[in-house]
J.: 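Have a look at this one.
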Protein chains: 4
Amino acid sequence: MTTATDGSEEAELRRHILDTARHLLVQEGYKALSMRTIADAIGYSATSIYLHFDGKDALLHALIHEGMMALRDRLRDAAAQHPESPVQRLHALCECFVEFGLENPEYYEIMFQLRPERMERYPPEKYRAARENLDFFARALDEGVDQGIFEVDDSRVSASAVWASLHGTVSLLLADRVDVHIDPDAFIETAIRQVLRGFQAPAASTS
Amino acid sequence: MTTATDGSEEAELRRHILDTARHLLVQEGYKALSMRTIADAIGYSATSIYLHFDGKDALLHALIHEGMMALRDRLRDAAAQHPESPVQRLHALCECFVEFGLENPEYYEIMFQLRPERMERYPPEKYRAARENLDFFARALDEGVDQGIFEVDDSRVSASAVWASLHGTVSLLLADRVDVHIDPDAFIETAIRQVLRGFQAPAASTS
Amino acid sequence: MTTATDGSEEAELRRHILDTARHLLVQEGYKALSMRTIADAIGYSATSIYLHFDGKDALLHALIHEGMMALRDRLRDAAAQHPESPVQRLHALCECFVEFGLENPEYYEIMFQLRPERMERYPPEKYRAARENLDFFARALDEGVDQGIFEVDDSRVSASAVWASLHGTVSLLLADRVDVHIDPDAFIETAIRQVLRGFQAPAASTS
Amino acid sequence: MTTATDGSEEAELRRHILDTARHLLVQEGYKALSMRTIADAIGYSATSIYLHFDGKDALLHALIHEGMMALRDRLRDAAAQHPESPVQRLHALCECFVEFGLENPEYYEIMFQLRPERMERYPPEKYRAARENLDFFARALDEGVDQGIFEVDDSRVSASAVWASLHGTVSLLLADRVDVHIDPDAFIETAIRQVLRGFQAPAASTS
DNA sequence: GATGAATGAGCGTTCATTCAT
DNA sequence: AATGAATGAACGCTCATTCAT
């Protein structure tokens with residue numbers, strides 16, 4: 001209940017709303033996330049939410065932003081643990097991303113799966129956090145290239161491709177779309193391994 | 001059991017409904033796909049749909065199933081064009097999947113992105129089509145391994161990983177989550193290339 | 001209850017809705033006229049109203065249109081009773097208008113007092129009925145001019161001025177804005193008399 | 001009783017509220033006049049307004065009262081400029097009234113068009129101002145009768161009729177209910193001219 | 001004197017679904 | 001086989017008002 005570390009009374013309910021919304025989102029699905037359900041869940045009237053957020057969009061934006069920041073913090077930590085080896089760092093970043101997605105499915109859906117039509121007015125400046133997250137991957141690739149370990153055309157494009165692979169991995173797992181006969185951990189490990197191998201500069205030249 | 005092949009009049013309207021629903025879905029989007037919309041479009045009353053489908057969910061399931069079959073057909077064609085070279089075949093399969101996703105975004109959404117809670121009663125037997133689709137990739141990998149071109153532990157797990165990469169690629173593109181500065185085609189090409197390179201046996205040369 | 005003379009079942013509820021809406025309008029005021037209140041009053045669900053009207057605006061438009069037609073019919077009758085004398089006809093038209101307004105305050109408010117901002121999409125073709133109503137007055141004036149009884153510059157402008165006087169008279173009475181010490185009938189009679197005297201060609205020229 | 005003339009701080013904010021409310025009313029329209037809007041505009045909390053007014057109704061009553069006083073002042077000025085000629089004075093009064101209405105449309109709405117049920121508790125003593133406004137017209141008529149220029153039965157009834165004509169004129173113009181083909185100025189001029197001609201004693205010459 | 005927090009009632013509208021016919 | 005009539009539940013949101021502080 002008292003998850004908020006910020007002691008100000010005003011911010012407390014705001015936190016409560018955000019936390020509840022996030023939980024409802026993953027437990028009941030996006031369609032079930034209405035101002036009323038949130039209000040009911042926190043035991044306040046629907047009107048009260050409007051004291052803290054301009055509307056449903058603003059609430060979702062706040063959620064997305066929180067998620068982006070949380071992810072950024074974790075990626076930064078992961079990157080910091082392998083300052084020397086781009087390979088190890090990239091590996092850690094991949095694992096970190098997947099872990100984050102699986103541990104925070106509630107964030108994940110609105111962060112990466114919500115169709116833009118439903119969220120048209122997301123303030124572009126907040127996308128900066130998203131871009132920053134991509135940069136962790138791009139930098140690792142760049143350094144790998146510098147050290148002759150990776151072979152990459154455009155590091156930002158390749159970083160996006162890495163991101164796509166990881167996103168697909170998380171996405172399928174969350175949506176329960178992976179064949180039941182496949183062990184999730186093996187699936188994740190394989191996905192990450194292949195991502196890494198996709199960049200390795202071949203020892204032997206191919207042409 | 002006799003889902004669609006018998007020529008009875010009953011099946012005819014069922015087809016009509018499905019075709020119309022698919023059209024609406026693709027052209028107007030998932031949100032616009034309501035029973036009333038479909039009914040209006042086919043010129044029948046909304047009630048009539050219930051004579052042929054248990055409800056909206058069942059209709060969606062049927063649509064998903066159709067989509068899976070359509071995708072399967074396309075993948076089969078793509079695979080058939082490269083019976084000898086597993087590498088080229090895998091490449092074609094990847095391109096085929098991405099194309100399918102981008103050409104049928106709304107279709108794609110209900111096939112792979114709809115949260116499971118919205119389709120609780122999706123009959124598991126229908127997942128067979130989905131599994132079959134995965135098999136195209138797995139077989140290509142298996143043959144590549146046989147020919148010493150690919151290096152893979154478990155072909156079904158790896159096929160799932162390939163699928164995850166492709167799904168992530170399509171997903172991010174459809175959700176407009178790829179950085180605007182990145183060219184979509186370069187992004188797709190890079191993603192597919194990395195997938196392929198992820199399997200290459202170190203010593204193998206492709207030409 | 002069974003005010004409708006049209007026997008079709010479908011039209012019956014439509015009539016019921018219109019009648020109820022009209023009554024609620026005058027008894028509870030425009031602000032109190034919501035889809036829900038109407039629905040409650042007729043004992044149906046709010047949704048049912050949408051089976052007969054596209055929305056609240058369409059409902060109001062129908063009400064306005066009905067009122068315009070009813071007024072037109074009455075004006076036509078009044079005019080027909082004095083085909084020869086423009087003066088008597090004009091007098092009858094004035095009395096008819098005021099009577100209509102006082103007898104149908106429910107129609108009157110939405111017909112003449114609703115601010116356009118609240119009803120932006122009123123189909124212009126329906127204003128034709130309103131214009132036709134004005135024409136009864138304009139024709140009487142024209143004929144009076146022909147017969148040398150009236151002195152008028154532009155008959156349509158003058159007809160509008162007549163209409164304004166009558167509208168003001170009805171309006172103040174309905175809004176209870178006439179001094180309590182003033183007898184309503186005397187007020188009406190005086191208003192109409194002055195309107196008529198305003199057109200009389202002076203027996204002696206004034207310049 | 002001590003409504004607005006004492007200089008206490010309490011009265012100052014009351015003034016501020018009224019002025020702001022009037023501004024908002026005139027500029028944004030009646031619908032946009034909410035307690036929150038007013039509060040935001042004055043930089044106080046919405047709650048504060050309740051320290052100075054019993055509620056929104058009371059605030060509206062005060063606004064109406066102010067409007068009546070403002071109109072009275074303008075009518076008084078107009079009357080004062082023609083102390084000798086009742087005809088010219090009546091003419092000036094008419095023009096003044098119409099001008100006031102057209103210049104302050106939203107003001108006009110709450111003063112003369114708000115349905116009584118919305119202002120049940122409007123204190124009757126405040127209607128005095130409204131009655132005073134009528135007296136300007138009645139006095140002009142009385143003097144005209146004394147001078148043999150006007151022919152009038154009951155000057156207060158006739159004044160009410162004049163008022164009705166003017167009110168109708170303003171009303172139709174504000175509600176945009178005058179045929180688009182009719183020039184507003186010609187319409188106003190004609191309306192006023194007819195009002196005046198309605199009183200002229202048959203033999204009287206005006207120049 | 002002033003406020004922030006909170007609320008209940010209400011708005012127009014959409015939707016999937018049911019049922020008697 | 002097909003339908004028109006009807007509905008309950010829900011949606012995001014706004015408003016005037018209250019009350020403890």
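Below, read A as the first sequence line, B as the second, and so on, with proteins coming before strands; counting in each chain starts at 1.
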J.: Output the distance between atom CD (D:E66) and atom NE2 (D:H61), rounded to the nearest 0.5 Å.
T.: 14.0 Å
J.: Is C:D40 salt-bridged to C:R36, going by a charged N under 4.0 Å from an acidic O?
T.: no
J.: So, taking the atom named CD1 in B:I49 and the one named CG in B:D54, what distance separates them when rounded to the nearest 0.5 Å?
T.: 13.0 Å
J.: Does B:T37 have any side chain to side chain donor-acceptor pair (under 3.5 Å) partners at least two apart in sequence or in another chain, and if so, which?
T.: B:S34
J.: Take N1-N3 plus N6-O4 or O6-N4 for Watson-Crick, N1-O2 plus O6-N3 for G-U, both under 3.5 Å. Which runs of 3 or more such pairs involve DNA chain E?
T.: E:2-21 with F:2-21
J.: If I take atom CZ in residue B:F53 and atom P in nucleotide F:dA2, what distance separates them, rounded to the nearest angstrom?
T.: 13 Å
J.: With heavy atoms under 4.0 Å as the rule, sort D:L33 into base, sugar-phosphate or nothing.
T.: sugar-phosphate
J.: Between E:dT3 atom P and D:D40 atom CG, what is the distance in whole Å?
T.: 12 Å
J.: Report the distance from atom NZ of B:K31 to atom C1' of F:dG12, rounded to the nearest whole Å.
T.: 11 Å
J.: Strictly under 3.5 Å: I want the nitrogen or oxygen pairs between protein and nucleotides 6-10 of chain E, one per line.
T.:
unit_1: E:dA6; atom_1: OP1; unit_2: A:Y44; atom_2: OH; d: 3.3
unit_1: E:dT7; atom_1: OP2; unit_2: A:S45; atom_2: N; d: 2.9
unit_1: E:dT7; atom_1: OP2; unit_2: A:S45; atom_2: OG; d: 3.3
unit_1: E:dT7; atom_1: OP2; unit_2: A:S48; atom_2: OG; d: 2.5
unit_1: E:dG8; atom_1: O6; unit_2: A:T47; atom_2: OG1; d: 2.6

J.: Could you tell me whether D:R22 sits above the aromatic face of D:Y107, with NZ or CZ closer than 6.0 angstrom to the six-membered ring centre and within 45 degrees of the axis?
T.: no
J.: Hey, could you give me the CD1/CG distance between B:I17 and B:L24, rounded to the nearest 0.5 Å?
T.: 12.0 Å
J.: Less than 6.0 angstrom from the centroid, inside 45 degrees of the normal: does D:K56 satisfy that with respect to the ring of D:Y30?
T.: yes
J.: In this structure, how many angstroms lie between the P atom of E:dT21 and the OH atom of B:Y50, rounded?
T.: 21 Å
J.: Relative to the 5' end of DNA chain F, which residue comes earlier, D:K56 or A:A32, by the nucleotide with the nearest heavy atom?
T.: A:A32
